Amino acid sequence: MVKSLKEMSHILGLENNPFFSVGDNPHLTGNEGWFRTPAVDSIRQRYKRLNADLKSNINFEYLSSSWRTTIPTKIADLSHGGYIGLSAGWTGHAYTLHAVKEGNRTHFIYVNRGQRHYNLNPDKPKNYQDPINTVLVFSIENEKAKNFAREMIGAANSANRRMEVSKFLHRHKAKVNHTLSQVLRKKNQKVGNCTVANSNIAWHFQLASDYMKKHHTSFEVAYNQTKEVYRDMRVQDRIEAFHYLLKHKHAYSEQAYFYNYMLVVNKLVGKDHLDKGRYIETLLNSTDAETLKKFIKPLISTSYEQLAYESINKKTYKVIDNFRKSKDTVLMQVFNKLPEKPQKDLISNNISLLKYSSMEIQKAYLMQDYNKFSLYACAEAIKHFPQHLDYQTSVKFQMLVFLLTSKRKTSGDHFLLRGAEKKETVINNKLRALCSYLANNDKKNAIKEFEQLCLVCCERRMAPTGNKYASDTEAAKWLINKFSKRKEFCTLIEVRNENELRMKVNEIIGQGNSKVISQNVSFKEQYAKVLTAVVSNLQKTPRM
């Protein structure tokens, strides 16, 4: 299993998290940057755990200065299919070197997806980084392999490692096997996880090595034949890392956790687009019920949606925008896999989740109240009903719902947080119902929904004395401000400006408070009658 937050973030390739607090230790929780020694240990252990062939061990090591003489000999002594991999680097960056024996030649493989070695072309600036391939293969005759390995290891272990390896690559550029280099090519590294990003390929090389020995094939054939096995291992590797994140939410602040969560969901959906859906499917097949709840919660939680909206800035906007698209993709696959009751329970708190539910559930809700739910059902379900909602109207009101439900409407006071979240959920659900009624031109139900929404927004959660409803709550202020600027709402409740809307709200508040007072008087009268009856019965009861 994954052993640390650092290992998890490197496996998943997470970019730096802008929401880590000043007190967080970047060596423990930061997404980027990891030492080579623990990274090499991680590569070895994860390969052993994830590889179905229990007899296979990966021959991948940390390159130290003591290996300057032993490694060239070991490479020269390899038999057909033999493999050795090494993690090398300079301060702040890691890359890898590999050797695979194939018949009468040895393939030396340089893997560097991130910070490049220098380009020594005299026509370029001194510190110009060479835009060479992420993977370079030098195919060397076996009789020259030991000297080539000695020169390569010497450069990698020199005092000025980056410059000396740059010179080594420049000297031998004529020996590059361009065909094989193209076969092994990898995308450029996007985040600071070089210790893992440049090492995972060692898994594939070891799988190819085992295949070469077993079937006596060429390295290229073995590499291509083991692609699926390698991909399966990487899928399971990332899913296990995501499980680790889900189980260690407590290690982060709420915003920091949610940012990492968004990054992972975006990555899994993006990779599914390339790998034909194997990531989310694998996640569902390998996730117990409790972990599945943790996985789906941020996708359906009002507080997380608000957290995403409040986190928007130049650095995180793209992440959040992609997350909303990814969220839709994931829920389409996951939500209808839940039992019927949990689906209905979740929809009762957020009717916009209806489109993700089973077709039977969607039809049942539409039959119950088409005007209330049609804005949130999928096109397949709606087509079974004659009163189709106009597409442009639907898009318009769905966008309006998104804008209204994204921003916080209640106080963020820590002591009132739980109550505020519950109130926020109710407000958002009534906003959704109101917009659906408006989209269907159901004015009667829209007005009823507005009146209920108004009372929910104006309800005072801390009101031991006085009126239950008031227009000075955070939600009431939000309602008056937003609704007075929307033509749809002003037309519905027949107001022209903010002052008229405030008067309308106060009228609804007055009616609500009068009803509460009436109920309280009625309760007191009933209580007095019961108390009188009890006292009367006690007086009539004979004493012993």
Side-chain angles (χ1 to χ4, degrees), residues 1-17 19-21 23-54 56-64 85-89 92-96 114 189-207 230-253 256-265 267-268 271 279 282-283 285-288 290-292 294-295:
M1 295 296 292
V2 179
K3 295 180 179 179
S4 69
L5 299 173
K6 183 69 73 174
E7 184 178 29
M8 174 275 298
S9 65
H10 274 57
I11 293 170
L12 293 167
L14 305 185
E15 66 181 50
N16 267 334
N17 192 320
F19 300 108
F20 283 141
S21 65
D24 288 333
N25 185 339
H27 295 301
L28 298 176
T29 58
N31 285 345
E32 298 185 20
W34 199 22
F35 298 114
R36 280 196 292 145
T37 302
V40 169
D41 184 57
S42 169
I43 291 292
R44 292 164 58 86
Q45 292 190 30
R46 284 158 43 224
Y47 175 86
K48 186 65 178 176
R49 186 180 69 255
L50 295 169
N51 188 15
D53 185 358
L54 300 179
S56 178
N57 289 304
I58 188 167
N59 194 10
F60 184 73
E61 302 287 349
Y62 175 91
L63 179 61
S64 64
L86 302 164
S87 174
H93 185 63
Y95 64 96
T96 55
Q189 180 187 329
K190 295 179 180 178
V191 302
N193 68 331
C194 56
T195 49
V196 171
N198 289 323
S199 300
N200 280 325
I201 197 170
W203 290 6
H204 201 162
F205 292 161
Q206 185 63 62
L207 292 170
Y230 174 67
R231 284 176 182 168
D232 288 343
M233 289 174 66
R234 293 292 288 123
V235 168
Q236 193 58 44
D237 190 33
R238 290 187 177 104
I239 295 303
E240 286 189 7
F242 189 29
H243 281 167
Y244 189 87
L245 174 64
L246 294 174
K247 292 177 182 177
H248 290 79
K249 179 176 181 287
H250 60 275
Y252 300 98
S253 68
Y257 172 78
F258 185 56
Y259 188 78
N260 273 5
Y261 177 92
M262 286 193 295
L263 291 176
V264 179
V265 171
K267 280 182 174 290
L268 296 187
K271 290 184 178 298
Y279 277 92
T282 302
L283 178 63
N285 292 337
S286 63
T287 302
D288 57 51
E290 193 60 33
T291 307
L292 183 60
K294 294 178 181 177
F295 168 49

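Since we're looking at a predicted model, the values are computed, not measured. Excluded from the calculations below are hydrogen atoms, water molecules and symmetry mates; all remaining heavy atoms, backbone and side chain alike, are included.
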Checklist entry - Within a strict 4.5 Å, meaning less than it, do heavy atoms of the Asn200 and Tyr230 side chains meet? => result yes
Checklist entry - Which residues satisfy the ring-ring contact (aromatic ring centres under 6.0 Å, His included) test with Phe295, sequence neighbours excluded? => result Phe242
Item to check | Residue pair Ala88 / Leu63: nearest heavy atoms and the distance that separates them | outcome: CB-CD2, 3.9 Å
Checklist outcome for this item: Note: Ala94 and Thr195 closest approach over all heavy atoms is CB-CG2, 3.8 Å
Checklist entry - Just by modelled atom types, is the Gly89 backbone N or O under 3.5 Å from a matching donor or acceptor in the His93 side chain? => result no
Item to check | Main-chain N/O of Leu292 paired with Thr287 side-chain donor or acceptor, under 3.5 Å | outcome: no
Checklist entry - Can Asn193 and Trp34 be said to form a side chain to side chain contact (heavy atoms under 4.5 Å, CB included), step by step? => result CA-CA 7 Å; Asn193 68 331; Trp34 199 22; over 6 Å; no
Next on the checklist: Quick check: do Arg231 and Met233 have side-chain heavy atoms less than 4.5 Å from each other?
Outcome noted: no
Checklist entry - From Tyr259 OH over to Phe20 CZ, what is the distance, rounded to the nearest 0.5 angstrom? => result 10.5 Å
Next on the checklist: Just so I know, are the side chains of Lys271 and Arg234 near enough to count as touching, which here means a heavy-atom distance under 4.5 Å?
Outcome noted: no
Checklist entry - Who passes side chain to side chain donor-acceptor pair (under 3.5 Å) against Ser286, sequence neighbours left out? => result none
Next on the checklist: The criterion is salt bridge (Lys or Arg N to Asp or Glu O under 4.0 Å); which residues satisfy it with Asp232, sequence neighbours excluded?
Outcome noted: Arg278
Checklist entry - Do Leu14 and Val264 come close enough that some side-chain heavy atom pair is under 4.5 Å? => result yes
Checklist entry - Can you find a heavy atom in the side chain of Asn57 that is under 4.5 Å from one in the side chain of Lys48? => result yes
Checklist entry - Got a second to check how far Asn51's CG is from Gln236's CD, nearest 0.5 Å? => result 12.5 Å
Checklist entry - Taking C-beta and beyond as the side chain, do Asn31 and Val191 meet within less than 4.5 Å on heavy atoms? => result no
Checklist entry - Quick one: does Asn260's side chain have a donor or acceptor within less than 3.5 Å of a partner on Asn17's backbone? => result no
Next on the checklist: Are Tyr252 and Leu5 packed together at the side-chain level, in the sense that at least one heavy-atom pair is separated by less than 4.5 angstrom?
Outcome noted: yes
Item to check | Partners passing ring-ring contact (aromatic ring centres under 6.0 Å, His included) against Tyr257 (at least two apart in sequence or in another chain) | outcome: none
Item to check | His248 NE2 to His250 NE2 distance, which is reported to the nearest 0.5 Å | outcome: 5.0 Å
Between side-chain atoms of residues 36-43 and protein atoms elsewhere (two or more places apart, or another chain), which donor-acceptor pairs fall under 3.5 Å?
unit_1 : atom_1 : unit_2 : atom_2 : d
Arg36  : NH1    : Ser87  : O      : 2.5
Arg36  : NH2    : Tyr62  : OH     : 3.2
Asp41  : OD1    : Gln45  : NE2    : 3.1
Asp41  : OD2    : Gln45  : NE2    : 2.8
Ser42  : OG     : Glu7   : OE2    : 2.5
Ser42  : OG     : Arg46  : NH1    : 2.9

Item to check | Inter-residue atom distance His243.NE2 - Thr291.OG1, 0.5 Å rounding | outcome: 5.5 Å
Checklist entry - Between Leu268 and Tyr279, what is the shortest heavy-atom contact and its length? => result CD2-CD2, 3.6 Å
Checklist outcome for this item: Here the salt bridge (Lys or Arg N to Asp or Glu O under 4.0 Å) pairs for residues 240-253, sequence neighbours left out, are Arg49-Glu240
Checklist entry - Do the side chains of Ser56 and Tyr47 get nearer than 4.5 Å, heavy atoms only? => result yes
Next on the checklist: How long is the straight-line distance from CD1 of Ile11 back to CG of Asp237, given to the nearest 0.5 Å?
Outcome noted: 4.5 Å
Item to check | Over 12 non-hydrogen atoms of neighbours within 6.0 angstrom of NZ in Lys3 | outcome: no
Checklist entry - Rounded to the nearest 0.5 Å, how far apart are SG of Cys194 and CD of Glu32? => result 9.5 Å
